[in-house]
Protein chains: 2
Amino acid sequence: MSCKHHHNCEKAAKLTAEQLCETYGFRFTESRKQVFEALISSHKALTAKELMVQIGNNQPPITYRALEFLTEAGLVHFISSINAYIACAHAEDEGHISQFLICKECHEVEEFQAPDAVCLLMQSAKNGNFQVSDTSIEMLGVCSECQN
Amino acid sequence: MSCKHHHNCEKAAKLTAEQLCETYGFRFTESRKQVFEALISSHKALTAKELMVQIGNNQPPITYRALEFLTEAGLVHFISSINAYIACAHAEDEGHISQFLICKECHEVEEFQAPDAVCLLMQSAKNGNFQVSDTSIEMLGVCSECQN
DNA sequence: ATCTTACTGTTAATCTATAACATTCGCAAA
DNA sequence: TTTGCGAATGTTATAGATTAACAGTAAGAT
């Protein structure tokens, strides 16, 4: 696990979330809070269904709306290769592009940044005169803990 | 469109596909051929459903099995951010890691390679002692044709 | 000839996500 | 203070994507 001070990053993330919402005039409502806290208290990526189980809500629209909101706010990332969501580890860094290491065994996800690589990719896109709006970099494999 | 000699790359791809199958003792069966040809004759990524419409088959398992086979054989790539499949432009280069530029407007997909970027990403993973088995790099945006 | 493995056919279920519409909440302007 | 508006919720139902399970067939090996 990349974050050795889980309680700290949890608190910090919650603060950031509230601040962000306030800044942009949106509300950090109960359902959003529930979804966000479920995610932030897990370093694993959770599917929408897993989330619904965890927060005891089996009305999909509520969860999906919260996820959409949080994702657009940059507080949560959707990892399309496994259809799962994870709380963002760099929410304070708005508009950043994230990379993910996703363990097939324990489903833990580590968010990291490789700006040089992203820069190269952007350059390729630019060379092809392609205007990028959204970048998804996901690496599936086995984490160090699960390699024994 | 990146390939200006569509008929050529189509033929070449088909040959490669048959050869690959033969080499590994698998059969390039009718359903697989149908799915593959539908994909290779389109530079756009197609969803499973679009494929089923195109090949006139509404029995999902048949199409999904063909897609699974082709994907594992490296003849087709699954683009998870849009849930769609595309014929591989570099099938002869086994085990390669591909990057995709996906146009939101026309849905055309360009497969390209940025080995330096991939190398940097791999390095990051290695630093975290993470064993990568599968890499997905997808950039969503607007292609040059659709920017006017 | 039969054994085995790959492959197909079919039905149904499960998982994932959204549509549609009525209702409520928080806040600001009349 | 009420009226009006946009944001957010509650609810039911549906649509869309993918796989499970099992029976059957085809092709090559021994």
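First the proteins, then the strands, lettered A, B, ... as listed; each starts at 1.
Under 4.0 angstrom from either OP1 or OP2 of D/dG16 there lies no side-chain N or O belonging to B/N83. Within the 4.0 Å cut-off from OP1 or OP2 of D/dT18, at least one side-chain nitrogen or oxygen of B/Y64 is found. Using a 4.0 Å cut-off, no side-chain N or O of A/K49 falls inside it from OP1 or OP2 of C/dT16. Side-chain nitrogen and oxygen atoms of B/T29 include none within less than 4.0 Å of the OP1 or OP2 phosphate oxygen of C/dA6. Look at A/N57 and you won't find any side-chain N or O under 4.0 angstrom from OP1 or OP2 of D/dG10. The side chain of A/Q59 places no N or O atom within less than 4.0 Å of a non-bridging phosphate oxygen (OP1 or OP2) of D/dG10.
Counted by atom type alone, A/H96 and A/Q113 present zero donor-acceptor pairs between their side chains at under 3.5 Å.
If you take CD1 of A/I62 and P of C/dC25, they are 14 Å apart, rounded to a whole angstrom. In this structure, B/F26 atom CZ and C/dT8 atom C1' are separated by 16 Å, rounded to whole Å. Following rounding to the nearest Å, B/L46 (CG) and D/dT18 (P) show an atom-to-atom distance of 13 Å. At whole-Å resolution of the value, CD in B/E68 and C1' in D/dA17 are 15 Å apart. Between the CG atom of A/L67 and the P atom of D/dA8 there is a distance of 15 Å, rounded to whole Å. A/K33 places its NZ atom 15 Å from the C1' atom of D/dA8, with the value rounded to the nearest Å. Rounded to whole Å, atom C1' of C/dC7 lies 14 Å from atom CG of B/L70. As rounded to whole Å, 13 Å separates atom C1' of C/dT14 from atom CE of A/M52.
Considering only side-chain atoms of A/R32, the nucleotide from C/dG9, D/dA8, D/dG16 that sits closest is D/dA8. Distance from the side chain of A/F78 is smallest to C/dA17 among C/dA17, C/dT8, C/dT10. Closest to the B/R65 side chain, of the nucleotides C/dC7, C/dT16, C/dT10, is C/dT10. Looking at the side chain of B/R27, the nearest of the listed nucleotides D/dA17, C/dA6, C/dC21 is C/dA6. Nearest nucleotide to the A/A48 side chain, out of D/dT11, C/dA17, C/dG9: C/dA17.
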- Test side-chain hydrogen bond (donor to acceptor under 3.5 Å, both in side chains) applied to B/E138 and B/S81, step by step: CA-CA 7 Å; B/E138 307 172 9; B/S81 61; 2.5 Å; yes
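The residue B/T47 sits apart from the nucleic acid: no heavy atom pair falls under 4.0 Å.
Formation of a donor-acceptor pair under 3.5 Å by the A/E72 side chain with backbone atoms of A/F69 is not found in this model.
To the nearest 0.5 Å, atom OG of residue B/S144 and atom CD of residue A/Q131 are 10.5 Å apart.
Aromatic ring centres of B/H77 and B/F100 lie closer together than 6.0 Å.
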